[in-house]
Amino acid sequence: DAMVIQNPRYQVTQFGKPVTLSCSQTLNHNVMYWYQQKSSQAPKLLFHYYDKDFNNEADTPDNFQSRRPNTSFCFLDIRSPGLGDAAMYLCATSRDLLETQYFGPGTRLLVL
Amino acid sequence: AQSVTQLGSHVSVSEGALVLLRCNYSSSVPPYLFWYVQYPNQGLQLLLKYTTGATLVKGINGFEAEFKKSETSFHLTKPSAHMSDAAEYFCAVSDYNTDKLIFGTGTRLQVFP
């Protein structure tokens with residue numbers, strides 16, 4: 001089945017130790033998004049790629065970076081995780097902006 | 001700016017009872033509207049969406065929602081709740097100005113036997 005896949009599902013890292021989360025899609029969608037979701041809150045958009053064009057949200061900390069080497073894959077890099085970065089990270093894709101977004105299962109990040 | 005209001009952060013119903021989750025949006029232009037469901041430690045799953053056409057939209061798992069332009073509402077209903085419906089539900093609206101999806105704050109549905 002066409003889908004959005006996130007690996008790993010759970011990630012434990014140490015304070016300040018770089019971590020990379022990955023997302024892949026078989027939908028061949030143009031847009032890929034990264035959201036951060038903290039407990040009992042709505043997802044918060046960090047950034048998105050429209051094809052190769054990167055679009056950062058104004059309030060996304062510099063600590064968060066992203067790469068999209070090809071249509072199928074997108075990575076979220078957290079350069080120096082702090083305790084406040086512990087959250088669920090959701091990847092989503094859509095065929096075009098404003099169209100339906102399809103979400104992956106998420107990666108829950110724990111920072112020790 | 002576009003906004004979405006979900007009335008009631010927690011809703012509790014008995015199994016078999018009607019489920020009603022409320023969503024209001026702020027827009028003078030009919031947007032695209034979505035309902036997503038999130039089970040614990042899972043991503044968001046699309047329940048249903050309204051883009052154009054028929055204002056009563058049927059989704060998965062027996063849910064439906066009605067777009068009412070005059071009330072700027074898109075409430076989610078299900079005639080008979082199942083235990084498996086217990087989850088967090090998010091209403092979302094597309095924002096033409098920013099090309100983003102604006103989420104409501106979510107409603108946690110509890111279903112009691």
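Below, chains carry the letters A, B, ... as their sequence lines are ordered, and counting in each starts from 1.
- Gln101(A) touches chain B through backbone and side chain together, each having a heavy atom under 4.5 Å away.
- Side-chain heavy atoms closer than 4.5 Å link hydrophobic residues (I, L, V, M, F, W, Y) into clusters, and following such links, even through other members, never connects Ile60(B) to Leu56(B).
- No more than 12 heavy atoms of other residues, nucleotides or ligands sit less than 6.0 Å from atom CG of Asp62(A).
- Interface remark: of the candidates Lys44(A), His48(A), Glu57(A), Glu99(A), Glu57(A) forms the most heavy-atom pairs closer than 4.5 Å to chain B.
- You'll find the side chain of Gln42(B) reaches within 4.5 Å of the side chain of Arg9(A), heavy atoms only.
- Note on Met83(B) and Val11(B): same hydrophobic cluster, where clusters join Ile, Leu, Val, Met, Phe, Trp and Tyr whose side-chain heavy atoms are under 4.5 Å apart, directly or indirectly.
- At a 4.5 Å heavy-atom cutoff, the contact between Gln38(B) and chain A is made by side-chain atoms alone.
- The two residues Leu90(A) and Gly43(B) have their closest heavy-atom pair at CD2-CA, 3.8 Å.
- Atoms CG and NZ, on Asn55(A) and Lys100(B) in that order, are 9.0 Å from each other to the nearest 0.5 Å.
- For chain A, the nearby part of Asp95(B) is the backbone; its heavy atoms alone come within less than 4.5 Å.
- For chain B, no part of Gln6(A) is nearby; none of its heavy atoms comes within less than 4.5 Å.
- Residues Met3(A) and Leu21(A) are members of separate hydrophobic clusters, defined by side-chain heavy-atom contacts under 4.5 angstrom among Ile, Leu, Val, Met, Phe, Trp and Tyr.
- Of the atoms belonging to Leu46(B), it is side-chain heavy atoms, and not backbone ones, that fall under 4.5 Å from chain A.
- Only the side chain of Tyr35(A) comes within contact range of chain B, with heavy atoms under 4.5 Å apart.
- One hydrophobic cluster, built from ILVMFWY side chains closer than 4.5 Å, holds both Val19(A) and Phe15(A).
- The environment of CZ in Arg68(A) is crowded: more than 12 heavy-atom neighbours from other residues, nucleotides or ligands sit within 6.0 Å.
- Closest of all the heavy-atom pairs between Leu98(A) and Tyr96(B) is CD1-CD2, 3.4 Å.
- When the side chains of ILVMFWY residues are joined at heavy-atom separations under 4.5 Å, either directly or via intervening members, Val111(B) and Tyr39(B) end up in a single hydrophobic cluster.
- The two residues Ala42(A) and Phe90(B) have their closest heavy-atom pair at CA-CE2, 3.5 Å.
- More than 12 heavy-atom neighbours from other residues, nucleotides or ligands sit within 6.0 angstrom of NZ on Lys38(A).
- Considering CZ of Phe103(B) and CG of Leu45(A), their distance stands at 9.0 Å, rounded to 0.5 Å.
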